[in-house]
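Being a predicted model, the structure only gives us computed values, none of them experimental. Position 1 is the first residue of the sequence; numbering continues from there. Every number for a ligand or one of its atoms is a count from 1 in the order of the listing.
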Amino acid sequence: MHFTQSIVGLVSLLISQSVAAPSDLRSRDLTSFIAAERAIALQGALDNIGPNGSAVPGAGAGFVVASPSKVNPDYFYTWSRDSALTLKMLIDEFIFGNTALLPYIWDYVHAQAKLQTVSNPSGTFLPQGLGLGEPKFQVDGTRFNGAWGRPQRDGPALRAIALMSFSNWLINNDQKSTAKTIIWPIIANDLSYVGQYWNQTGFDLWEETLGSSFFTIQNQHRSLVEGAQLADALGVTCTGCDQAPEVLCFLQSFWNGEFIVSNINVNNGRTGLDGNSILGSIAIFDINAYCDSPTIQPCNSKALANFKVLIDTFRTTYSINSGIPEGQGVAVGRYAEDTYQGGNPWYLITTAAAEFLYDAVAQWKARHNLIVDETSLAFFKDLYPAVTVRQYNSGNANSPFAQIMNAVTAYADSFAALAEKYIPADGHLAEQFNRDTGVPLSANDLTWSYAAFVTMSQRRAGQYPASWGSRDAAAPPGTCAGTSTQGVYAPATAAGAPNVTATCQIEVVFNVNATTYYGENIYVIGNTDDLGAWNIDNSLPLGAGGYTAERPLWSATAYLNAGESVNYVYVRQENCNQPYIYETVNRTLTVPACGSAGITTNDAWTGPLGTSGNC
Ligand SMILES: *[C@@H]1O[C@H](CO)[C@@H](O)[C@H](O)[C@H]1NC(C)=O
Ligand SMILES: *[C@@H]1O[C@H](CO)[C@@H](O)[C@H](O)[C@H]1NC(C)=O
Ligand SMILES: *[C@@H]1O[C@H](CO)[C@@H](O)[C@H](O)[C@H]1NC(C)=O
Ligand SMILES: *[C@@H]1O[C@H](CO)[C@@H](O)[C@H](O)[C@H]1NC(C)=O
Ligand SMILES: *[C@@H]1O[C@H](CO)[C@@H](O)[C@H](O)[C@H]1NC(C)=O
């Protein structure tokens, strides 16, 4: 996670197939470590959820805080993606038998119903669902106005997936009408959003790249397939679910013949090898899936080929991995070119690598066979050198099939063991660990790190969520098309959403001439929520993308309510912790009536200038 302000315009196999991994001492140690850490991780996630989470006082009921960390980095916000992934984990834990988690699930349901209607810098909820693409909110569920990589289109899909798991549990437990009247309206909004906007660019899960993200598209596809099946079961209509085959068609274009290019429709100078691709496949894991499913499951040959190429890049990227041979687990990060906080391995991606392999083994065992092809051959060579291109059918404990399963399981365990090596004695999970020393760094107690540890532990323990119906997904059409279905959006009032009505909004471009020094920023603040209601933390950042020697232009676009009268001023944010500088005028603006064209201000900074603190 993270988004940098610059976008605004500123300025020898240790474990070989010959070792019987499951019964050796090392595995027993790993098993007891994982059991202990799983409990810590579950509690760590719960501690970050309002209203009772001990690490996050001030968070509202049902809001999952990304981390208690408030400085360097400040993650004391709630993200739609992290929240949905965390709730998916909690809902699966609940279904696996931890009934004490039910209140957290209901809090999330109510919180998200309200959150869907909150106007935010990505737009309003009505009439077009645009606000659903907002990645991040304050921990009390109010809008966050700061500069950010938005929209992010995975959030609605992931929330729908989490809520659909809960809905299926309700149906199986004689509470179908609750699923239909209370939960489905929330899901329906999210699926409408997916069906309407899947073919538009958005920011990726790392919040850095504006384009099309494999993780996003994979989850969008799952959400639409699962949505159509749930709608059937409930006797309702899913608007947008008809887009699933086209989304699946588009998903195929991320494969370049050798690996999965995680971000396309983008030119950012990266190879495209990215942990994004592992996280995508484990999020759409279906124990019933066929390995040749175009949904690209963990046991899919392309996913396996990608796994090898991606993991091998990290062998040479981080010095803590040096000397670890192919076929043995390493510390895994986001992507080789990463520089955020120094560009380090992440706990949640290292455990995701283990989870990916446990998933694949579970799928082969469930299918009772494994087909090795030219695409996946290199992956298996590292683990079982005698492998050839052929079908392996399950057999006795000494069969090649069983030996390969043991080898892949041992490979999975080696990633989990590597995570163990770098998890501190108290079991707390930060976001990252140092590439040279292995010391934890960046945000402490990252909720997503905890959620990822628990889902990995579930798979290792043989706990698999129910099938989401991947076998019944319609095949992609022969030729792909960029299509869209107009969504239907309505507040989920039965779950507690306010009965908002569509507001007519007009585009207002705030342009101000303001000469600034490098490191100084400009914001606009005013008396309406859209302009931060005089709270500097919620003021709207301007961008300097159009700043030239001829014209020191700072600019921002906002959508304001038609006909309203607004008071506003510009504010300078100084470097070196110097105080903000406000303009000395009182500006007013009347937003034109509904149906009018947008307007642009032509302002010039009026007030004292700032000077660099030269810190
Ligand atoms: C939070 O605490 C209150 C008061 O003890 C309790 O009623 C509620 O169920 C708790 N919420 C969760 C999610 O545990
Ligand atoms: C839209 O879909 C078409 C057809 O799959 C694809 O070529 C195009 O890259 C997609 N664009 C975006 C932004 O998703
Ligand atoms: C919400 O408002 C609309 C129109 O303002 C009204 O028709 C509808 O009945 C209201 N729904 C609820 C649940 O109050
Ligand atoms: C700015 O002017 C408006 C009237 O145009 C007034 O209502 C408001 O109080 C003034 N605000 C300040 C901070 O002076
Ligand atoms: C801002 O600068 C541009 C270009 O120099 C100029 O045309 C415009 O009048 C300026 N605006 C104000 C309010 O001074």
Visitor: Between the main-chain N or O of M456 and the side-chain N or O of E355, is there a donor-acceptor pair closer than 3.5 Å?
Guide: yes
Visitor: Mark up the atoms of ligand 2 that fall under 4.0 Å of a heavy atom belonging to S212, in ascending order.
Guide: 12 (C), 13 (C), 14 (O)
Visitor: We want to know whether S67 and D445 form a side-chain donor-acceptor pair, criterion being a heavy-atom distance below 3.5 angstrom.
Guide: no
Visitor: Do the side chains of D530 and R143 get close enough for a salt bridge, i.e. N-O under 4.0 angstrom?
Guide: yes
Visitor: Closest heavy-atom contact between I506 and A593?
Guide: CD1-O, 3.6 Å
Visitor: Examine the side chains of Q458 and Y464 and answer whether a donor and an acceptor come within less than 3.5 Å of each other.
Guide: no
Visitor: Please say which of W79, Y77, F137 ends up in a ring pair (Phe, Tyr, Trp, His ring centres under 6.0 Å) with F144.
Guide: Y77
Visitor: If you measure only the distance, is there a donor-acceptor pair under 3.5 Å linking the side chains of N561 and Q505?
Guide: yes
Visitor: Pairs of nitrogen or oxygen atoms, one from ligand 3 and one from the protein, closer than 3.5 Å: please tabulate them with distances.
Guide:
| residue | atom | partner | partner atom | Å |
| --- | --- | --- | --- | --- |
| ligand 3 | 2 (O) | N499 | ND2 | 2.4 |
| ligand 3 | 11 (N) | N499 | ND2 | 2.8 |
| ligand 3 | 14 (O) | N499 | ND2 | 3.2 |

Visitor: Is it the side chain (CB and beyond), the backbone, both or neither of D107 that lies under 4.0 Å from ligand 1, heavy atoms counted?
Guide: side chain
Visitor: Under 4.0 Å from any heavy atom of N199, which atoms of ligand 2 are there?
Guide: 1 (C), 2 (O), 3 (C), 8 (C), 10 (C), 11 (N), 12 (C), 13 (C), 14 (O)
Visitor: For W169 and F94, run ring-ring contact (aromatic ring centres under 6.0 Å, His included): C-alpha distance rounded to whole Å, both residues' side-chain angles, the deciding distance at 0.1 Å, then the answer.
Guide: CA-CA 10 Å; W169 181 87; F94 168 73; 4.7 Å; yes
Visitor: Between the side chain of Q196 and the main-chain N/O of L130, is any donor-acceptor distance below 3.5 Å?
Guide: no
Visitor: Going by the order shown, which atoms of ligand 2 are within less than 4.0 Å of some heavy atom of C480?
Guide: 4 (C), 5 (O)
Visitor: Counting only heavy atoms closer than 4.0 Å, does ligand 2 sit against the backbone of N265, its side chain, both, or neither?
Guide: side chain
Visitor: Examine the proximity of ligand 2 to C249 and report which part, side chain or backbone, both or neither, has a heavy atom under 4.0 Å away.
Guide: neither
Visitor: Can you find an N/O atom of T201 closer than 3.5 Å to an N/O atom of ligand 2?
Guide: no
